[in-house]
Amino acid sequence: MADFNTLDDFDFNSKSVLLRVDINCPLNQKTLEVEDDNRIRQVLPTLKELLSKGAKVAILAHQGRPGDWDFVPLDKHAQILTSLLGKEVRYVDDIFGEEAVTAIRSLPPGEAIVLKNVRELPYEQDKKTMEEHAKSELVVKLAPLFDVFVNDAFGAAHRPHCSLIGFAAALPSAAGRLMEKELQALKTVFENPARPSVFILGGAKFSESIKVVDRVLGKRIADWVILVGVTGNAFLKARGVKLGEPSEKFLEMTPEDLEAAKKVLLEKGERIILPLDVAIEIDCRRRDILVGDLPQDHPVLDIGKGSMDKFARVINGAGTVFMSGPAGMVEKDLFGEGTKELMLAATSSRAYTVLGGGHTAGAAEKFKLLKKFSYVSTGGGALETYLLGKPLPVVEALKAAHGRKCPPK
Ligand code: 3PG
Ligand code: MG
């Protein structure tokens, strides 16, 4: 038995559905247009299914945070949904006032609307329990208008916010198809991976990666961990390599992080694979140098060719590959090579491959390799929370709603 309800557990014909999604997208800072609509695309299967089953759907979502430049209304998101769906998804500039209530009540079966950015509500981002959030004006006013709450907001699953968990205490609730797919992919990697399982961790968030390495090797989730990018540099430093002033400055590793990385290396080092060479930039050209030739006065910007070959051999023999975070500065063409080669190795292997983190997915898209991964996660913070083994409040709320006797209306 599943831990939570899915769309299979309800009859949606002529039912009013409140659908919470995460379509929080990167915007262009000048035009405020949506720059990457991947998260909007990823909620289409759930929306299409609900509409084709005759549901009346009101979509609730957020974009940015109050005070931030990317905190904008959702009219453009509704336009994108309209063009992707080929059917009008009207934007309603209200959440639970008269305009919203009228729009929700007059929705015909098979139609959807998008409500106003829910982070307009000052209490939306309060961290409370689902029962506490259920007492908010948002839930008290909206819940009676709906038959079912569907949560497909995996990208925000780590936030115990009002609209994300409060409705699960007030309405029969189900996970959407994206939520299901994300959790299934993570379950495959974390609970039942084909062996050997290889984790490739890169990017700049080394402090978190230290904990993730410790966990996935300690729990035998991963058989090997390959460390690249700034994370790789942090571990090279912990191994005693002097990176050179520019890289050290960028790293800003605290004594605590250094100690933690040293401890992980000491206890689990034989399962950790680090770069043997790195790339630096001299006179606008890429130069690969052996780690033994560090320190340098130029920052480390990528892994070297020798490392790419060494890592590719490990990846080729893998049953599962989880990759999160780039291997180098992918924004610079010369230094995207490491990331590209690792992605090529992963996608041409027989392994089940999962790619995480928005930045890494953007790089895969650039290298035209995105579609070759078995699964690409829409989660940033949610994925990090999962990697650290912490519970996801949205998933916990869906589980609680599943356990509660709440007869479908
Ligand atoms: C995200 O993109 O991380 C989610 O949409 C949650 O948004 P937040 O990080 O602003 O809470
Ligand atoms: Mg975030």
Side-chain angles (χ1 to χ4, degrees), residues 25-26 28-29 35-38 198-206 208-209 225-236 243-244 246-247 249-251 273-291 293-294 296 298-316 318 321-349 351 353-380 383-384:
C25 295
N28 180 300
Q29 196 158 1
E35 206 151 59
D36 172 8
D37 63 5
N38 183 47
V198 179
F199 271 54
I200 309 166
L201 302 176
K205 292 189 179 168
F206 60 84
E208 236 147 34
S209 297
V225 175
I226 293 172
L227 296 173
V228 291
V230 180
T231 299
N233 291 349
F235 274 84
L236 285 174
L243 299 164
S247 295
K249 223 173 139 194
F250 185 77
L251 252 183
I273 315 177
L274 294 180
L276 55 93
D277 56 358
V278 293
I280 55 174
E281 186 174 18
I282 298 178
D283 296 333
C284 298
R285 300 174 83 133
R286 179 186 166 111
R287 267 264 303 280
D288 283 19
I289 55 159
L290 289 173
V291 163
D293 290 332
L294 288 169
Q296 294 279 338
H298 305 274
V300 169
L301 298 176
D302 196 8
I303 53 171
K305 191 82 187 92
S307 305
M308 293 175 211
D309 293 345
K310 172 174 141 180
F311 297 158
R313 282 196 292 280
V314 179
I315 294 166
N316 281 336
V321 176
F322 177 87
M323 180 170 184
S324 182
M329 204 178 230
V330 284
E331 300 82 358
K332 288 188 166 214
D333 281 345
L334 284 178
F335 301 96
E337 202 179 325
T339 307
K340 185 177 175 184
E341 289 302 317
L342 295 184
M343 287 182 174
L344 268 174
T347 54
S348 57
S349 74
T353 51
V354 174
L355 187 67
H359 206 62
T360 330
E365 173 84 3
K366 181 170 153 192
F367 303 137
K368 307 225 172 336
L369 291 169
L370 193 66
K371 292 203 172 75
K372 301 215 162 148
F373 281 87
S374 312
Y375 190 74
V376 179
S377 179
T378 56
L383 189 64
E384 278 161 30

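Of the possible donor and acceptor atoms, none in the side chain of D283 sits under 3.5 Å from a partner among the backbone N and O of R285. Looking only at distances, a side-chain donor or acceptor of S348 sits under 3.5 Å from a matching main-chain atom of L344. Of the possible polar contacts, none joining the D302 side chain to the A279 backbone as a donor-acceptor pair under 3.5 Å is found. Not one N or O on the side chain of K310 forms a donor-acceptor pair closer than 3.5 Å with the backbone of I273.
Expressed to the nearest 0.5 Å, how far CG of L294 lies from CG of D277 amounts to 10.0 Å. Atom OG1 of T347 is separated from atom CE of M323 by 9.5 Å, given to the nearest 0.5 angstrom. Here CG of D288 is found 11.5 Å from CG of D293. Values are rounded to the nearest 0.5 Å. Distance NZ/K366 to OG1/T339: 9.0 Å, rounded to 0.5 Å. Note that OG of S377 is 7.5 Å distant from CZ of F322, once rounded to the nearest 0.5 Å.
Two residues are said to be in side-chain contact when any heavy atoms from C-beta on lie closer than 4.5 Å; I303 and L342 meet this criterion. Between N233 and F250, the closest side-chain pair of non-hydrogen atoms is not below 4.5 Å. Between I226 and I315 the shortest side-chain heavy-atom distance falls below 4.5 Å. Residues D36 and C25 form no side-chain contact, since every pair of their non-hydrogen atoms from C-beta on lies 4.5 Å or further apart.
Around the NZ atom of K372, the shell of radius 6.0 Å holds no more than 12 heavy atoms that belong to other residues, nucleotides or ligands.
A pairwise comparison of heavy atoms in S307 and P275 identifies OG-CA, 3.5 Å as the closest pair. Taking both residues in full, the closest heavy atoms of V376 and F373 are given as CG2-CB, 3.9 Å, listed atom of the first, atom of the second, then distance. Nearest heavy atoms, H359 versus E331: NE2-OE2, 3.1 Å. Minimum interatomic distance between A346 and V321 (heavy atoms only, all atoms of both residues): CB-CG1, 4.1 Å. L370 and E365 get closest at one heavy-atom pair: CD2-OE1, 3.0 Å. A pairwise comparison of heavy atoms in F311 and L227 identifies CZ-O, 4.5 Å as the closest pair.
Looking at D309 and R313, no side-chain N of the basic residue comes within less than 4.0 Å of a carboxylate O on the acidic one, giving no salt bridge.
Across R287, R286, K332, H298, a single residue satisfies side chain to side chain donor-acceptor pair (under 3.5 Å) together with E281, and that is K332. Between L236 and the options L274, L251, T231, a side-chain contact (heavy atoms from CB on, under 4.5 Å) holds for only L274.
Every residue two or more places apart in sequence or in another chain that forms a side-chain contact (heavy atoms from CB on, under 4.5 Å) with T360 is listed here: P326, M343, L355. S374 pairs by the side-chain contact (heavy atoms from CB on, under 4.5 Å) definition with Y352, T353, not counting sequence neighbours.
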Query - Audit row: D333, K340, salt bridge (charged side-chain N to carboxylate O under 4.0 Å, His left out) steps and yes/no - result: CA-CA 11 Å; D333 281 345; K340 185 177 175 184; over 6 Å; no

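Judged purely by distance below 3.5 Å, without hydrogens or angles, the side chains of N316 and S349 never pair a donor atom with an acceptor atom.
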